[in-house]
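Inspection log for the structure reproduced underneath, given as structure tokens.
Just so we're on the same page: letters track the sequence lines, and every chain starts at 1. Owing to the predicted nature of the structure, the values given are computational and were not obtained by experimental measurement.
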Protein chains: 2
Amino acid sequence: MGVTEISRKERLIAIATDLFKANGYAGTSMRDLAAAVGIEAGSLYSHVRSKEEILQAICFGMANKFMRHLDQVLARKDCPCTEKLHAAITGHVAIITADINATSVFWNEWKYMQEPWLTDFSKMQIEYEAKFRSVLEAGIKTGEFCLADPVFTTSAILSSLNGLQKWRTYSMPPEDLGQAFANLFIKGIKT
Amino acid sequence: MGVTEISRKERLIAIATDLFKANGYAGTSMRDLAAAVGIEAGSLYSHVRSKEEILQAICFGMANKFMRHLDQVLARKDCPCTEKLHAAITGHVAIITADINATSVFWNEWKYMQEPWLTDFSKMQIEYEAKFRSVLEAGIKTGEFCLADPVFTTSAILSSLNGLQKWRTYSMPPEDLGQAFANLFIKGIKT
DNA sequence: CCTACCGATCGGTAGG
DNA sequence: CCTACCGATCGGTAGG
């Protein structure tokens, strides 16, 4: 029972993710979702409490993946900042490419959540950016990096990576994208 | 009469731009817009034929601004590619910062347009990216730039710049952002 | 998981 | 630019 319940709910969320990416959260009706799942609209509510609960699951699911990985990178001892930044970038990109549609929802639709989730989510975003920035700041102190404004550069890097969810085509295999981003940005801030 | 008509319609579009940015195209009703403008919902239709016409005006308005500027940059004679790329980046950023909300709609809501606008718009995006990329490719030939994959690098740069519309705060005056982006990316691809 | 339905709201129009 | 309204669709619920 438990297993079936969970997997059906997860299947529902996976289908909703694709629809939210294609048509937006506000542009997707529960009837659209029901049709894609293959049940009647009213039946959705035996799996989820509300439309928004689905959005919350997608957004916080991705936020947790990003945060967990970055925390692992930050915990490394005796690791040059250049290497940490490299790992932070490639890991971030790997999480994106593992689920492009969920990333799109995470990045573009989170604003449709209500309070208190809206505030919690924003805090996570700000916290993530601060942790990411701490790698740049540490690299400036060690002399590995040369950049005037870590706040700016962090935003510029993360904007570029997260923009991946809108790319129409890739010129390389997805698993090579992280390396390409890391090369570009590390060269851009190296001393 | 003509003047008043145009300026009223432009005011309507300006207000719609703010609402579309805040709540999305699908999440903004014509009644929301009417209330913000200060008239009744039905009265909107003496200014615009449909909700989508407003979206078209915003999206193509921005697309044209971006394209016009890039064409000017490409037309420069006896200009090093590094300088052209610098001008392409700072100009693109200047257009974004001049109207952040319109950029957000241009970037996030264009998918809600119907055919044939959808196809026309996509073509413009692809054309813009190709023109932008041609600067990188020319710079490789002259030996100014060193990068393995111009398709990738173009997408990475434009993703970063366009991501500006989601930034919560700036760490510098908006007019300095273009220079900061140009520094980062030119250093990242310089020989 | 379905049927049948709730009140609310949607984009848009007719006629003035 | 307003009033009054159209048919369609929305998120969600009751009862089975």
Considering only residues two or more places apart or on different chains, which pairs with a residue in [range] satisfy salt bridge (charged side-chain N to carboxylate O under 4.0 Å, His left out)?
range	result
residues 78-100 of chain A	none
residues 15-34 of chain B	none
residues 48-74 of chain A	A:Lys9-A:Glu53, A:Arg49-A:Glu53, A:Asp71-A:Lys131

Inspect the contact between B:Arg133 and B:Glu137 and indicate whether a charged nitrogen and a carboxylate oxygen are less than 4.0 angstrom apart.
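B:Arg133 and B:Glu137: salt-bridged.
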
Could you tell me whether a side-chain N or O of [X] sits under 3.5 Å from a main-chain N or O of [Y], the two making a donor and an acceptor?
X	Y	value
B:Ser171	A:Val151	no
B:Asp176	B:Met172	no
A:Thr154	A:Pro150	yes

Need two values: the first and the last nucleotide of DNA chain D, 5' to 3', having an atom under 4.0 Å from any heavy-atom of chain A.
D:dC10 to D:dT13

Kindly express the pairing pattern of DNA chain D in dot-bracket notation, using | wherever a base pairs with another strand and counting only Watson-Crick or G-U pairs under 3.5 Å.
||||||||||||||||

Tell me which residues in residues 31-44 of chain A put a heavy atom below 4.0 Å from DNA chain D, sorted by number, or none.
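Close to the strand are A:Arg31, A:Gly42.
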
Can you see which heavy atom on A:His86 is nearest to which on A:Ala182, and at what distance?
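Taking every non-hydrogen atom into account, CD2-CB, 3.5 Å.
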
Of A:Thr97, A:Ile95, A:Thr90, the one forming a side-chain contact (heavy atoms from CB on, under 4.5 Å) with A:Val93 is A:Thr97

Mind checking if A:Ser46 touches a base, just sugar-phosphate, or nothing, with heavy atoms under 4.0 Å?
base

Can you classify the ring geometry of A:Phe121 versus A:Phe106 as parallel (below 30°), tilted (30 to 60°) or perpendicular (above 60°)?
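Taking A:Phe106 first and then A:Phe121, their aromatic rings stand perpendicular (interplane angle over 60°).
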
